[in-house]
Amino acid sequence: MNDGTIVELAPAKLNLALHVRRRRADGYHDLETLFAFCRDGDVIRLAPAVADTFAITGPFGATLAAEGDNLVTRARDAFRAAFGVAPPCAIELEKNLPIASGIGGGSADAAATLRALARWHDVAPDESRLFGIAARLGADVPACLLGKSAIGEGRGDELRVVDGLAGRGVLLVNPRVAVSTARVFAGWDGVDRGAITGDPAEDRNDLTAPAVAAAPEIATVLGALEALANARLVRMSGSGATCFALFDVPADARSAAAAIGAEHPGWWWLASELA
């Protein structure tokens, strides 16, 4: 057992494509999605303590600070129950990603907490019980726990790793508008437009139209990204409102970020690269 502070990145999650196939009897939707992860995101810090504490810092920390329940503490408690361990710990969540933004913030935070606890207690990162916990915490948590580009099916938690995406530059942009996932799914028109191919350029995000209906600012962001030089793919991630542009190299993403920041100083953005 490691007695030092453990730092675990909770990378921003992107849905490079998201196909909605049908509504399931359990209330979820059958999805086919292409997950990818950035080299930047939230940060989890975990350290031994005399009593459990949980603190939220970072630029978006104040938004979550008033919540009594959080996926981080739920992940901690579920890990303890599954592995029969209960030493107290201090957890800090550095919240760098906007809330309810379609880039897996809460799911990524829960997954990073599971990875940190696994390191602390010498649990293998591919331990099946970890993925069982992740699936119970939320549909995106298993993909965030895996942390690799993958095609997800079912609720999005049946995963198949894919290669060839790492190193591409990416610019994430959010108009600082929170979008309700439930509202966006409720607005889906119910039309099955076919299976995912795994080629981002050939696929789509079926939730874009209902998300734009809920938050018209998303269309403005997409238009601004499509106007950028060297952008290879522009799309909304998840149920919104964050959108992204992919570039061949990270330097192009950084140049694009400067242009977006100058033209739209009120928007949140992150220039990164795919892991």
Side-chain angles (χ1 to χ4, degrees), residues 6 8-44 46 69-83 91 93 97 100-121 123-163 165-166 181-182 184-185 195-196 198 200 203 205-207 237-239 242 274-275:
I6 293 172
E8 200 53 58
L9 178 67
K13 175 270 305 177
L14 293 177
N15 299 93
L16 300 186
L18 179 58
H19 294 199
V20 186
R21 306 302 304 275
R22 68 181 182 91
R23 187 174 179 86
R24 297 154 47 120
D26 62 7
Y28 286 92
H29 292 75
D30 265 332
L31 305 176
E32 295 173 358
T33 184
L34 177 55
F35 289 111
F37 294 89
C38 299
R39 296 194 185 276
D40 300 276
D42 294 340
V43 179
I44 289 288
L46 181 149
D69 182 39
N70 187 283
L71 274 172
V72 168
T73 54
R74 288 169 58 191
R76 177 200 65 197
D77 296 344
F79 181 94
R80 287 171 171 171
F83 290 95
I91 300 177
L93 165 59
L97 302 177
S101 58
I103 51 177
S107 297
D109 299 340
T113 301
L114 292 176
R115 287 195 299 270
L117 287 164
R119 287 169 57 191
W120 190 27
H121 293 282
V123 173
D126 59 353
E127 161 67 53
S128 62
R129 284 176 288 178
L130 285 177
F131 283 88
I133 296 168
R136 291 190 293 274
L137 289 171
D140 281 351
V141 183
C144 293
L145 181 61
L146 180 66
K148 299 177 180 179
S149 298
I151 290 177
E153 298 178 329
R155 293 194 308 160
D157 56 357
E158 300 168 17
L159 302 169
R160 174 163 46 92
V161 173
V162 297
D163 297 318
L165 297 173
T181 298
V184 171
F185 270 99
I196 199 168
D203 292 318
N205 185 336
D206 286 334
L207 296 179
S237 181
S239 57
T242 302
L274 298 186

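This is a predicted model, so every value here is computed, not measured.
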Query - Any donor-acceptor N/O pair, T33 side chain to G156 backbone, under 3.5 Å - result: no
Query raised in the report: Is a side-chain donor or acceptor of S237 paired with a backbone partner of G102 at a separation under 3.5 angstrom?
Result: yes
Query raised in the report: Hey, mind stepping through R115 and L145 against side-chain contact (heavy atoms from CB on, under 4.5 Å) and telling me if it holds?
Result: CA-CA 7 Å; R115 287 195 299 270; L145 181 61; 3.7 Å; yes
Report summary line: For A36 and L165 the tightest heavy-atom approach is CB-CD1, 4.4 Å
Query raised in the report: Hey, do the aromatic rings of H29 and F185 have their centres closer than 6.0 Å?
Result: yes
Requested in this report: Measure the CD1-CG distance between I151 and L16 for me, rounded to the nearest 0.5 Å.
Outcome: 10.5 Å
Requested in this report: Supply the atom-to-atom distance R76 CZ to L114 CG, rounded to the nearest 0.5 angstrom.
Outcome: 12.0 Å
Query raised in the report: Can you name the residues that form a side-chain contact (heavy atoms from CB on, under 4.5 Å) with D30, not counting sequence neighbours?
Result: R21, R22, R24
**Report entry** Approximate separation, where rounding is to 0.5 Å, of L14 CG and C38 SG
**Finding:** 4.5 Å
Report summary line: In terms of heavy-atom contacts, I44 and A112 come closest through CG1-CB, 3.8 Å
Query raised in the report: Which value, rounded to the nearest 0.5 Å, describes the distance between R160 atom CZ and L34 atom CG?
Result: 10.0 Å
Report summary line: Nearest heavy-atom contact between D157 and P142 is CB-CG, 3.8 Å
Distance-only donor-acceptor hits, side chain of residues 129-140, under 3.5 Å, sequence neighbours excluded:
from: R129; atom 1: NE; to: E127; atom 2: OE2; distance (Å): 3.1
from: R136; atom 1: NH1; to: G132; atom 2: O; distance (Å): 3.3
from: D140; atom 1: OD2; to: K13; atom 2: NZ; distance (Å): 3.4

Query raised in the report: Has the side chain of S107 got a donor or acceptor atom that lies under 3.5 Å from a matching backbone atom of G104?
Result: no
Query raised in the report: Between F37 and K148, which heavy-atom pair has the shortest distance, and what is it?
Result: CE1-O, 3.5 Å
Requested in this report: Test V20 against L31 for side-chain contact (heavy atoms from CB on, under 4.5 Å), laying out the working first.
Outcome: CA-CA 5 Å; V20 186; L31 305 176; 4.0 Å; yes
**Report entry** Evaluation steps, side-chain contact (heavy atoms from CB on, under 4.5 Å), between F83 and L117
**Finding:** CA-CA 10 Å; F83 290 95; L117 287 164; over 6 Å; no
Report task. Compare all side-chain heavy atoms of L97 with those of D109 and state whether any distance is below 4.5 angstrom. Result -> no
Requested in this report: Measure the shortest side-chain to side-chain distance between D203 and H19 over non-hydrogen atoms and say whether it is less than 4.5 angstrom.
Outcome: yes
Query raised in the report: Which atoms form the tightest heavy-atom contact between A108 and P11, and what is the distance?
Result: CB-O, 3.5 Å
Report summary line: For L207 and L18, the nearest pair of non-hydrogen atoms, with its separation, is CD1-CD2, 3.5 Å
Query - F35 side chain near L159 side chain, heavy-atom distance below 4.5 Å - result: yes
Query raised in the report: Taking only residues two or more places apart in sequence or in another chain, which ones pass salt bridge (charged side-chain N to carboxylate O under 4.0 Å, His left out) with D40?
Result: none
